[in-house]
Asks: 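Please read through the structure below; I'll follow up with questions.
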Amino acid sequence: MRFASHRDIARALERALRRASVPVAFSAGFSPHPKISYTGAAPTGVASEAEYLELTLAEARRPEEVRGAIDAAMPDGIDVVEVVEARTPGLADRLQASQWRVEMADVDPDDAARAVATYLAAESVEVERMTKKGRRRFDTRPAVLGIDVCSRSHGRAPGDRHATYAILRMVVRHTTPAVRPDDVLTGLRQLADLAPLSSPKMTRLAQGPLDEATGAIADPFDADRPEAHTIESPGPAHDQTNDRRTRAPRPSSPIAGPPQ
């Protein structure tokens, strides 16, 4: 599914909404469109465990009912993890940064750590990328809050004890233009000649409000959950909510920075 484009995902969602008979609200005019708002969609070619959208309904529905109906109608590989009723505006403003995991086969973790240290020490790391408006050059360094490199003991390829394998975990602010993990890899190649032999696998682990001091990313749904507004008494319903939330994207851990 990481090779599906944002438009592919959007079409799959609209079909799932129709199959699930979810009463989606539509815009007015000669060409009505479902009121669905996507924010910070992942680029094609990367996996993600933390994508968010806003959906306006024409009728009131319980969030868990909506989640179950859409999830059952979605194709394999796309899971609706959690649905909450919007109680505060500004979901897009809460998605301030993303945490990414970049898995690079045939790259020694020590070489990756040296490249990361060089990158983080640089004041500016400019790269070029083709955009809708043509080729554009921009500085990636201000957007990168931190990068961790897995140690050698944890950097082996799954199932192969003898292969070298490096994993980067980075927190990147949402800026304009957007700085993607592949832009950071381009910077690492330019500065330190870090060039994986095969295409790295990139996965978005979290996105949400950013703690600038620690680099941790909070859950953007926290402000909308009922417990943020009322205190619920323990009971079966409370246990069911806790069980559902164990499947939801969790706040990320702080970025400690590259090994010294």
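Everything numeric in this text was worked out from a predicted model, so none of it was measured.
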Asks: Are the side chain of Arg87 and the backbone N or O of Asp224 linked by a donor-acceptor pair below 3.5 Å?
Replies: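 Yes, Arg87 side chain to Asp224 backbone: donor-acceptor pair under 3.5 Å.
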Asks: Determine yes or no for a side-chain-to-main-chain donor-acceptor pair under 3.5 angstrom, with Arg19 supplying the side chain and Ala73 the backbone.
Replies: yes
Asks: Step through the shown structure and confirm whether more than 12 heavy atoms of other residues, nucleotides or ligands are within 6.0 Å of CD on Glu212.
Replies: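 Yes, the 6.0 Å shell around CD holds more than 12 heavy atoms from other groups.
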Asks: Where do Arg141 and Glu126 land on the side-chain contact (heavy atoms from CB on, under 4.5 Å) test, with the steps shown first?
Replies: CA-CA 8 Å; Arg141 183 62 190 89; Glu126 293 190 348; over 6 Å; no
Asks: Considering only NZ, NE, NH1 and NH2 on the basic side and carboxylate oxygens on the acidic side, decide whether Arg11 and Glu14 come within less than 4.0 Å.
Replies: no
Asks: Would you say the side-chain atoms of Gln190 pair up with the backbone N or O of Val125, donor to acceptor, closer than 3.5 Å?
Replies: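 Flag not set: sc Gln190 to bb Val125 has no pair under 3.5 Å.
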Asks: To the closest 0.5 Å, what do you measure between CZ (Arg225) and CD (Glu82)?
Replies: 4.0 Å
Asks: Is there a donor-acceptor pair under 3.5 Å between the side chain of Arg173 and the backbone N or O of Pro142?
Replies: yes
Asks: Could you walk me through whether Trp100 and Val46 satisfy the side-chain contact (heavy atoms from CB on, under 4.5 Å) test, starting with their C-alpha distance in whole Å, then the side-chain angles of each, then the deciding distance to 0.1 Å, before giving a yes or no?
Replies: CA-CA 10 Å; Trp100 298 91; Val46 307; 4.0 Å; yes
Asks: Within this structure, what is the CG-CZ distance for the pair Leu210 and Arg94, rounded to the nearest 0.5 Å?
Replies: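 It is 15.5 Å, given to the nearest 0.5 Å.
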Asks: Check residues 26-40 and write down every donor-acceptor pair under 3.5 Å in which the side-chain atom is one partner and the other belongs to a residue at least two apart or another chain.
Replies:
unit_1: Ser27; atom_1: OG; unit_2: His33; atom_2: N; d: 2.9
unit_1: Ser27; atom_1: OG; unit_2: His33; atom_2: O; d: 3.4
unit_1: His33; atom_1: ND1; unit_2: Ser31; atom_2: O; d: 2.7

Asks: So, for Ala112 and Val107, which heavy atoms are closest and what is the spacing to 0.1 Å?
Replies: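 That would be CB-CG1, 4.2 Å.
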Asks: Quick one: does Ser48's side chain have a donor or acceptor within less than 3.5 Å of a partner on Ala50's backbone?
Replies: yes
Asks: Roughly how far, to the nearest 0.5 Å, is CD1 of Ile147 from CG of Leu188?
Replies: 5.5 Å
Asks: Decide yes or no for Leu55 and Leu17: does some side-chain heavy atom of the first lie under 4.5 Å from some side-chain heavy atom of the second?
Replies: yes
Asks: May I ask you to decide if Ala213's main-chain N or O and Asp211's side chain share a donor-acceptor pair within less than 3.5 Å?
Replies: yes
Asks: Going from CD on Glu51 to CZ on Arg204, what distance comes out if it is rounded to the nearest 0.5 angstrom?
Replies: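 One gets 4.0 Å once the value is rounded to the nearest 0.5 Å.
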Asks: To check you understand the geometry: which heavy-atom pair defines the closest contact between Pro220 and Gly208, and what is its length?
Replies: CD-CA, 4.1 Å
Asks: Would the number of heavy atoms belonging to other residues, nucleotides or ligands and lying under 6.0 Å from CZ of Arg7 be above 12?
Replies: no
Asks: Write down the atom of Leu205, the atom of Glu49, and the distance for their closest heavy-atom approach.
Replies: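 Distance-wise, the nearest heavy atoms are CD2-OE1, 3.9 Å.
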Asks: For a 4.5 angstrom cut-off between non-hydrogen side-chain atoms, does Met202 reach Arg2?
Replies: no
Asks: Heavy atoms only: give me the nearest Met74-Ala12 pair and the separation to one decimal.
Replies: SD-O, 3.9 Å
Asks: From Leu168 CG over to Leu194 CG, what is the distance, rounded to the nearest 0.5 angstrom?
Replies: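 So the gap between those two atoms works out to 7.5 Å.
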Asks: Would His174 and Gln96 count as a side-chain contact (heavy atoms from CB on, under 4.5 Å) here? Give the steps.
Replies: CA-CA 5 Å; His174 294 173; Gln96 299 171 345; 5.7 Å; no
Asks: What verdict does the side-chain contact (heavy atoms from CB on, under 4.5 Å) test give for Val24 and Arg18, after you've listed the backbone C-alpha separation in whole Å, the side-chain angles of each residue and the deciding distance to 0.1 Å?
Replies: CA-CA 9 Å; Val24 184; Arg18 290 194 295 269; over 6 Å; no
Asks: Are the side chain of Arg169 and the backbone N or O of Gln99 linked by a donor-acceptor pair below 3.5 Å?
Replies: no
Asks: Indicate the atoms forming the closest heavy-atom contact of Leu191 with Ala122, along with that distance.
Replies: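 What the structure gives for the nearest pair is CD1-CB, 4.1 Å.
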Asks: Sequence neighbours excluded and cut-off under 3.5 Å, please list the side-chain donor-acceptor pairs for residues 178-185, or say none.
Replies:
unit_1: Arg180; atom_1: NE; unit_2: Asp182; atom_2: OD1; d: 3.2
unit_1: Arg180; atom_1: NH2; unit_2: Asp182; atom_2: OD2; d: 3.1
unit_1: Asp183; atom_1: OD1; unit_2: Arg129; atom_2: NE; d: 2.9
unit_1: Asp183; atom_1: OD2; unit_2: Arg129; atom_2: NE; d: 3.2
unit_1: Asp183; atom_1: OD2; unit_2: Arg129; atom_2: NH2; d: 2.8
unit_1: Asp183; atom_1: OD2; unit_2: Arg180; atom_2: N; d: 2.9

Asks: Distance from Thr44 atom OG1 to Asp8 atom CG, nearest 0.5 Å?
Replies: 7.5 Å
Asks: Closer than 3.5 angstrom, by distance alone: can the side chain of Arg67 be matched with the main-chain N or O of Val83 as a donor-acceptor pair?
Replies: no
Asks: Considering non-hydrogen atoms only, spot the tightest contact between Val22 and Ala69 and give its length.
Replies: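 In this case the closest contact between Val22 and Ala69 is CG2-CB, 4.4 Å.
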